Amino acid sequence: MNADIFKEIPKTELHVHLEGCLEPEQVIRFSARNNVKLEQETLERLRTEYTFDGLNDFVSVMGRNSATIQTEEDIYEIAFGYLKRAAEDNIVHAEMAFSPQGPAQRGVPYEAAFNGIISAFKDAYRDFGITGGPILACLRHRPVGEALAMLKKYARTYRDDVLAIGLHGAELGYPPGLFEECFAYARTMGWKAVAHAGEEGPADYIWQAIDILQVDRIDHGVQCEVDDRLVERLAETATPLTVCPLSNIHLKVFRELAEHNFLRLLDRGLNVSIHTDDPAYFNGYLSEHYRILHEAGVLDEATLALVQRNAFRSAFMDRERSSQLINASDQMSE
Ligand SMILES: [Zn+2]
């Protein structure tokens, strides 16, 4: 397989977080202009923190860096910067999870988060033709009432600019079922629904996401494998799993790529696609992820074609366009 193919084929990114796109250069720039003091004040020293012992360690490094995000302009720059680099990587459609509840902890108004990310998507469509939009996530380790109040206050205003409701943040101890009312409310807005489930949490969280939250997609979902009945259900309904193998390695969900289960899940008929989660922290953009998986021997030509088809079918875009993109991707990778 020609190595350029990973960059050249049209791609879609369905599992990426706003804060996960905050590049080290931006951390330094935002810290200076917003007067936020950093423990590591140079790029070189900041980069030394980019190896992680696990999810908690990652969350604390990301939290320190994200504290430099203070204004609508910062949020716009992160999202627009991501979309520009994504377009250069031939990503033609991107869906980005964000939660205004995160910046609000630092006094950033909810409107700044909404307006920053929404303007970035509009400008990126105008400048690069990249489609997609934001996914408004509830932060699962914050009170359910806070997420519900956010939805009731802002969902109507931003109804046409948001693609879906999501659920992310610390997983263990916060089962998806807690957020039933939030997801029911989001459905009345006509939004799609996605939730992180079964990254390090149990298979039961995936059941809750599909049965109680009635999601259209599961983010991660790799822990489904231990529950045969769940695997059958996911296969029957072709529920998309947006899997992020390199994030899983960095955060020690699996020790190495050879142990990762996405090939087994594909073999069992599940609708798995490959995504980056936090590209500023884990190996960059989608083409780079494909290349690394290919070099590790876990992404051959047929698998690439399959995960590409799955990704376009699972994207929140109309069927005609997704068929065209699947054909274009198939033709280029032959
Ligand atoms: Zn994620």
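For ligands, and for the atoms within them, numbers begin at 1 and follow the listed sequence. Side chains included, hydrogens not; waters and symmetry mates left out as well; all remaining heavy atoms used. These numbers were taken from a predicted model, which means no experiment stands behind them. Note that the numbering runs from 1 along the sequence shown for the chain.
The ring pair (Phe, Tyr, Trp, His ring centres under 6.0 Å) test with His15 is passed by exactly one of His275, His196, His289, His168: His196.
For the Zn ion (ligand 1), protein N, O or S atoms closer than 2.8 Å were enumerated as His15 NE2, His17 NE2, His196 NE2, Asp277 OD1, with waters left out.
For Gln70, the side chain to side chain contact (heavy atoms under 4.5 Å, CB included) partners at least two apart in sequence or on another chain are Asn34, Val36, Asp74, Arg106, Val108.
At a cut-off of 3.5 Å, with distance as the only test, a side-chain donor of Tyr50 or Asn65 sits close to an acceptor on the other residue. Side-chain contact check for Thr12 and His93: no donor-acceptor pair (N or O, by modelled atom type) lies under 3.5 Å. For Glu180 and Tyr185, the side-chain atoms include no donor-acceptor pair closer than 3.5 Å.
Rounded to the nearest 0.5 Å, atoms NZ (Lys11) and CD1 (Ile91) are 6.0 Å apart.
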